Every structure is written in structure tokens, then in C-alpha cells.
Amino acid sequence: MAAFSATISDSSRFLSSTSLPHDKRRISPSPFSSQCSRRSFSLPPSRAVQIWDLLIDNEYVRELLQKDGLVTKSHVVAKVRVGRWKGLSIISRWGKGKPLNIRVQASVADISVEKLMDKVQLPKGDMWAVHKFGGTCVGTSQRIKNVADIIISDDSERKLVVVSAMSKVTDMMYDLINKAQSRDDSYISALDAVLEKHQSTALDLLDGDDLAAFLSQLHHDINNLKAMLRAIYIAGHVTESFSDFVVGHGELWSAQMLSFLVRKNGLDCKWMDTREVLIVNPTSSNQVDPDFLESERRLEKWFSQNSSKIIIATGFIASTPQNIPTTLKRDGSDFSAAIMGALFRARQVTIWTDVDGVYSADPRKVSEAVILRTLSYQEAWEMSYFGANVLHPRTIIPVMRYDIPIVIRNIFNLSAPGTMICRPATEDEDGQRLEAPVKGFATIDNLALVNVEGTGMAGVPGTASAIFGAVKDVGANVIMISQASSEHSVCFAVPEKEVKAVAEALQSRFRQALDAGRLSQVAVIPNCSILATVGQKMASTPGVSATLFNALAKANINVRAIAQGCSEYNITVVVKREDCIRALRAVHSRFYLSRTTIAMGIIGPGLIGGTLLDQLRDQAAVLKEEFNIDLRVMGITGSRSMVLSEVGIDLSRWRELLKEKGQVADLEKFTLHVHGNHFIPNTVIVDCTADSNVASFYHDWLRKGIHVITPNKKANSGPLDKYLKLRALQRQSYTHYFYEATVGAGLPIISTLRGLLETGDRILRIEGIFSGTLSYIFNNFTGTKAFSEVVAEAKEAGYTEPDPRDDLSGTDVARKVIILARESGLKLELSDIPVQSLVPEPLRASASAEEFMKQLPEFDKDLSRERQDAEESGEVLRYVGVVDAVNQKGNVELRRYSKDHPFAQLSGSDNIIAFTTTRYKEQPLIVRGPGAGAQVTAGGIFSDILRLASYLGAPS
Ligand code: ADP
Ligand code: ASP
Ligand code: MG
């Protein structure tokens, strides 16, 4: 048992010793070595506190001290109770009332200062918060100030801050090396730019001694780098460790500047060159593995000399066990932060970056991507491994070990809560699952598939090992593997740049098997990408892969290979590179867009179409927010020009866009565009024309899965066989065809009729005033004015078609009658409906509408007489359409109704329709209301669109 004693000087001596040169202030291990006894030494106050802590915290020493009576129990207890941070004041107080030198004597066996140091319990645990600030967060002096503010305002007890280099600096550093190595003189000016960037930032941030100290260090480093780069230039070659040393300077500078700035704000803060602490072992695959034990030992040592509540540490850089500077490889600062979090057993690691959190897909590729509030460690790992570079893939393992959550936050949007990566919460209070089965999607480009195929592989042990042994020998990184269960083929993905070497290695390794035909080929499929779908709950949710592949199939994407690990945290598919973004968007929208996101194509932006677009414009936000219905107008086409959009036309400007950005109308191209957008699960074309050519496309659209909504009567009142084919096709498929506005504008006529039929009622007769124009005319033809005057008035008020003959001829009413007749199951052609035209025979061929209007008064007397006759019998004239379902016929004519009949009570341009059925036999079911006008017609179409959304699953 060796004895040692240490004499701890009083506080005045401590203070005087702080003026010692730096190296002298360091305690040498010898005074505490186990062989040493009764040595006195002077220490700066902070070191004395540490030694005191060290002694007191060691239970064995404490016991001995107490036993010797040199330190009373109350001292020890007081010291222990107040905690080590009050150490200095206690020693000072203690020193005052005692003799100058306090001797601490104890018999201690085999305690060396190193061992005692090791036992310094570096404070670990929840009191530490780790923050990591990415390059963009420290990209300018203003941003560095912002970072300092965030550090200062975090009220955690202790803070460890990991910083990246200022944005672009690491790239600049790699560029210096590349230039020097390729003997490009411009490395000198490039180095000047690096100097200039940091110098000007420091000038903005610092002043006085801090500025001088930083600039002197910066110039010193730059001079060193200049010499090194010169050496690289001369050699035309660079080693990895040289390169790692050079590129890590960005972090050294940003960490120092930030720590000066935090200190300038009055906080105690130390900066840490993590090359002194983080020890990593290089691996074969251009990665490094942290040596946690050694790093922990070094951290404790570092801390014992630099104890501070705020530590600003360099990201990215580390050392090998031989103390050679190295890096954690590109984007490695996240990894640095995670290692630090684990070493300190921190409460949380916050990674500050330039996005609101982890998105469901790379926001640069999928504009619809959403922020994920939580991710499990496995999900985050899979996302980052498969290319979501918001997080370095290796960040997860160190923190997962201690269950330390990572929060990704946006430094530019502090109000966003960010994404929390932690152990998943599985159930809420009601035992309901909270998590979606699929969380996110990520892609890796520039891959090639290698396919090793042949019947000779089946049942031959060691084939896989031989294949991957050969791959390993060329140092290639296998990203995914898929093997057909028949063992006829093994297929795997490697980075494109490694595939040549892999293929050659396999060809030579399997030369014999290939020659003998046991292996048929080693094929390389270049230009591939991987699309990974990630979600921990996929494992326990049936149907996820079906949905995924369905979305890919709908987008017409060919899948080259598939892999799903047993963990089922991800399903990986290999696709052609040019399909990758389309595939990503297609699957993303399938899982993330509201099921009722509908891509719309509007044909005919005239009076009705235009009103519809305006109604959509006014209502879209409400529909999206309150009903989860997301309507996107992807195209608008008139007869001459059309406007198309990838994401949805801004409806507040659709008129200008059509005028200014319109291209030549082309219905085929229009359809292809509206439906060709595979990112939106549903497509509808709304035909607001009265054109039979447009109607002739419906069959093709429905066949393609495009829903059709229209007020255009041409398809339903056209040739019967075409109509029947259209309905049969629509019934077989799951596509919808709605045409409520073809009869009675916005009035619920078709839907009422359907409701009756579907519930088993039988239609006997439908009789109604179907024309708003003719309703107006006869409602106002009361004897005070001639018929022609009323028509002129109606025309004036905009109730008629430009040529009133179109209304008066009755064809439009006949079309409505045929639509209702067919809906009721009657197989009638338009020509089967006798129509009483109100256009006098001689005027049917008049050249123009004006001429017709001019000549119409000549024929007034006929209708006047008819009206007079009716009135004399207490009746009125009404122009009606009738479906006589009992006798399988229909007609359109001018009829007389008693003045107390509902048809006689109309006003304005009201429509009225009476359904007589087996259930509504005595009293018909009557639907009445305005049946014409752009607003109500567009409203009718809009309500069909919403009906479609509800058929597709929108909430009611
Ligand atoms: P930092 O310099 O802060 O480490 P990075 O550029 O490394 O920042 O990572 C953040 C970037 O990652 C974002 O700007 C974003 O463009 C990209 N990114 C890729 N995939 C995703 C994703 N799924 N979620 C969020 N960001 C992503
Ligand atoms: N500065 C390093 C890089 O750009 C590390 C990092 O920022 O994560 O790769
Ligand atoms: Mg990063």
C-alpha cells in the first residue's frame, strides 16, 4: 500500500499561479503517482477544484480523509451536497479560516493521477443538450449570430454544440485539393477565397483580442495549408490523410468563431477540436467506425482540462487511434453530433438545418412532400440510407443505443416543431394505432443492376458467397440484393461507377461455370435507380405492397427488381433512372395525397365553364381544408386555345393564363396531359360544351379510367347504341359518368329519378317544363303582350339562345326527354319523340336570328287564339316534355293546364318536373326551381364533381 499526500494551496496561491505559462499550469501526473508521497504543488483554481473533486468524489479517498480527521465530515458532506460546481468557493472559504496550507494526507494504494482522472465522472446524462448546426446554418456572419442566439437561449444546464463548416466551404476545400493535385495553379486564388470568406466573417462577428486571436490562427492555418497544397501540387498526388487534414479546416474555423461569439455574449464556453477526442477506425468501405471506449476516455480527459457548460465542437473531423487526423466522410457532422450525444448520454440531439424536418420525400423532387412529425430510429435510418440526405445514415446507431431522441429542426423557421426521431409510440389512449404504415420514400440514382443467372446455381452451396466474395474483392458497395427463390438468379445493385469492375470480377470468378453453361450470364443493367418505401408499420399492415405496385403500374413504370427485408421496414424497387422521379411521385401521391385529390380537365371555358372555374376558385380552399377534397385543374381548353399545368392552374388568373400562355387547342394532347399526370390518383374531364364531337370522346375517356362530368346533352341523347355502349362500359368499370346538369341545370332531377329506380320504384310518367326559356315565355304570355313581344323580351334579358329558334324548336326539350326516358330504361331514339315546334313553318329556314325576330309578329295571332281559348276554359298554355313509361314513348308539346295545376303556378324561368310512379301515384313527386342560368348550371356540375369526390372516399 503506497501512501501519498497532496497539499492544496490556499486560494491566493491558486490565483497567483494562473499567470504561469500555459504548459506549466498543467498538472503533471507525477505528484499523484502511486509511488509518490507528500509532494506539494501549486495549481490554478480550476485545476485545484478538479483535483479536489477528484479526491472527494472518490469514495475510498474520502473515507481515508475522514478517518485521518484531516477533513471533517461536515466539510466533505457540505462539499458533496452543494455539488462540484461550487467547489472553488468552498475551498476559498475553507482556506480562509485555516492555516495557509491544508494538507491532505491519505494512504492510497495504486492510485495514479491517470487513474484518478479516469474516475472523474464527466457529468453525463440529461443535463446535456446536443445541438448540431449544418453548413447553411452557419453560412454567413448573420447566420452565425443567429446560431449563437439559439445556443444562448437554450436553457439546458449543459450544452454541446457541433458545427459544420460554413456552407460550401468543405466543397471549396476539396476543390483546393483537386486543383493542387491536378497541378492547377488556381488553387492559390481558391485558397485566398477561403481566407477571405472567413476573414470577412470574423470581422463582422468579433473584435478586440478575440478578433486578433482568431485572425492569427486563421492566417497560421492558411499558411500551413498553402505549404501542404504546394507539396500536393508538386507531387501531383494526395493521400487520404493529407486530404482529410485539409478539408477539415472549415469546421475548425467555424467552431472557433462561434465559440468566440458565445463568449463575447458573456457565457462560459470552450471550443473542442474533436480530433483530440473522437477516435475512429477506418473501414474498407470508405467509412469509419467510432471507437467509443477510447473516445470516451479522451473526452473525459479533455473535459477534465476544459470543463465548461457550453462546448462548441467541430463536426466532421476526428482522429485515428494513431492520432492521424481524419474525417467522418461527407456530411459527417450529423454523425459527429450523434456520437457526442452518446458520449454525453445527452437528453436530446437537435439537428438544425434548412428544412422544417424530414419530409415524406425529398422536397426538391416531390413538391407535395409533407413533414413527418415522428420517425422511428429504423425508419430514419432506412430513409437516410436510401438517400434522404437530411440525415447522415450513420447518425442513428449511436443515439439509439441510449434511446436519445433526435429532433430535426429548421433554423430559418423556429415555429416549425420539426421531426422527432425516437422509439415509436405504438398506441394512443384508445389503443388505436397512430402511425401510418408508410412514412416516406427515398431514391438513390446512378446505380447498375448485376444479374447472375443460370440453372447451375440451384442447390449449389456457396454460390452467393462466391458472388459476394468477388464483389467484396473489388471493394464495391452492394446496396440491395434480390434472389429469385428458385435460385436461378441473384441480382444486386451497385453504384454505377463500380459496376465495370464487379462484372469483370464475376466473369473471371465464374469463367468455368459460364463456359460450362451452368451459369447463363452475368448481365449488367445500367442506368438504374432505387426507390425505397419506408415504414415500420408496413410489416403488420396487409396490402401495402399491393398499393405500392398498383401505383407504379398505373404510372406505367416497369419494376426491374424488388427487395423486401424480413424486417419489412422498407420495400425497395429498382426502376429505370429516367422513370425514377415519376415513380417517386406516383407512389408518394398514392400514400400521401388525399384519396380525393382529383386532376381536372375543363373543356369549354365559356359562360357555364367559366362560371364553374370561378366557383371552383372560390370554394377550393374550403373543400381542401374542411372536406379533404383537393381539386386541381390541370388543363382548360376552348375550341382554339388551351392552357396546361403540371401542378394545377392558378384559378384566380385562369382567364389571363388562357389568353397569354395558351397553346393551340388539341383535345388528344389535352387528355394525355390531364390524365398523364400519374401523381394524382383520379382524373375527371368536365365537358362544358354542347359539342357532339367532344361527347364522342367520352367512351375513350371512360375506358382509360377518366371520370366524365358534363352538362352536354349530346352523348346521352345521341344514337341509342352509342349511349348503351357508354353506359355498359361505365357500369363495368369503376369510372363515373355524371350528367345531372343536362336536365334542369342544378335541380336534382337525374338523382331523384335514380333514387326512385334504385330503391325499386317504377316510373309511370315524367312530365315537366324543362326549358327555362320556354317557361319564362309562357309564364309571361298572359295576354297583355303578343307572343313575339314576350320572345323579344326574353331574348333581351338573355334567357334565350342567340337564335331563339333553338329554344322554340323544342329540340332541346326533346333531348331532355330522351335523357330521362333512357334513364328510366326506355330504349328510344331522339327521332322517336314527336316535337311540336313553336317556330312557324315558314320561318324555319330564315337566314338570321334578326330576320326571324322581325318576321315573328306576323304569326302572333295563332298562339294568341290558342291562349285565349285556354283562358276561357280556366287554363294556361305550357310547353312540356313527357315521358310515358307505361306506353314506352315520349313527346314534346304545348299543353293546357288548369290554372290550379302546379305547372300553372310558375314564375320566371322555373323548371318543374313531376314524377308519377307506383309509389307516387296519387300525388306526383315534384321538383321545382330555377332550371337555367350559368350560376345554377355550373352549380349543378360542381355538385357532380363533389359527388365524384364522395364516391372516391371523401368524408361526408
Ligand atoms: P445540412 O448542411 O444542414 O446538413 P443537408 O443539405 O445535408 O443540410 O440536408 C438538408 C437537405 O436535405 C434539405 O435541404 C433537403 O433538400 C434535403 N433532403 C433530401 N431528402 C429529404 C427529406 N426526405 N426530408 C428533408 N430534407 C431532405
Ligand atoms: N462539412 C462537411 C461536409 O460538407 C460535413 C457536414 O457538413 O456534415 O461534408
Ligand atoms: Mg447534412
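As the structure lists them, so they are numbered: ligands from 1, and atoms in each ligand from 1. Everything numeric in this text was worked out from a predicted model, so none of it was measured.
The two atoms that bring Tyr592 and Lys439 nearest to each other are OH-O, 2.6 Å, heavy atoms only. Heavy-atom minimum distance, Val478 versus Tyr385: O-OH, 3.9 Å. Heavy-atom minimum distance, Tyr377 versus Arg423: CE1-N, 3.6 Å.
Close approach of ligand 1 to Ala388 (heavy-atom distance below 4.0 Å) involves ligand atoms 20 (N), 23 (N). For ligand 1, the atoms closer than 4.0 angstrom to any heavy atom of Val355 are 13 (C), 14 (O), 25 (C), 26 (N). Listed by number with element, the atoms of ligand 2 under 4.0 angstrom from any heavy atom of Ser164 are 6 (C), 7 (O), 8 (O). Per-residue contacts place Ala361 under 4.0 angstrom from the following atoms of ligand 1 (heavy atoms of the residue considered): 23 (N). The Ser333 neighbourhood of ligand 2 comprises atoms 5 (C), 6 (C), 7 (O), 8 (O), with distances under 4.0 Å to a heavy atom of that residue. Less than 4.0 angstrom separates some heavy atom of Phe316 from each of these atoms of ligand 2: 2 (C), 5 (C). Of all atoms in ligand 1, numbered sequentially from 1 with element shown, those under 4.0 Å from a heavy atom of Gly357 are 24 (N), 25 (C).
Relative to the ring axis of Phe133, Arg143 does not place its NZ or CZ within 45° and under 6.0 Å from the centre.
Contacts between Glu251 and ligand 2 below 4.0 angstrom, taking non-hydrogen atoms only, involve the side chain exclusively. With a 4.0 Å cut-off on non-hydrogen atoms, Lys132 touches ligand 1 through its side chain and not its backbone.
Counting non-hydrogen atoms of other residues, nucleotides and ligands closer than 6.0 Å to CD of Glu240 gives a total of 12 or fewer. Shown here is Arg373, whose CZ atom has no more than 12 heavy atoms of other residues, nucleotides or ligands within 6.0 Å. Within a 6.0 Å sphere centred on NZ of Lys365, other residues, nucleotides and ligands contribute more than 12 heavy atoms.
The distance from the CZ atom of Phe335 to the OG1 atom of Thr327 is 11.0 Å, given to the nearest 0.5 Å. Atom CG of residue Leu195 and atom NE2 of residue His219 lie 4.5 Å apart, to the nearest 0.5 angstrom.
The distance criterion of under 3.5 Å between nitrogen or oxygen atoms is not met by Lys132 with respect to ligand 2. The shortest N/O to N/O separation between Asp331 and ligand 2 falls below 3.5 Å. Looking at Asp334 next to ligand 1, no N or O pair under 3.5 Å apart turns up. Here's the thing with Lys329: none of its N/O atoms is less than 3.5 angstrom from an N/O atom of ligand 2. Distances between N or O atoms of Ser360 and those of ligand 1 include no value under 3.5 Å.
The protein atom (non-hydrogen) at minimum distance from atom 26 (N) of ligand 1 is Val390 CB, 3.4 Å.
Heavy atoms of Pro363 approach ligand 1 to within less than 4.0 angstrom. At least one heavy atom of Gly332 sits closer than 4.0 Å to an atom of ligand 2. Heavy-atom separations between Ser164 and ligand 1 are all 4.0 Å or longer.
Between His131 and Trp352, the ring planes lie parallel to each other; the angle is under 30°, not in the 30° to 60° tilted range. Between His588 and Phe441, the ring-plane angle classifies as perpendicular under the 30° and 60° cut-offs.
Protein heavy atoms are found inside the 4.0 Å sphere centred on atom 7 (O) of ligand 1.
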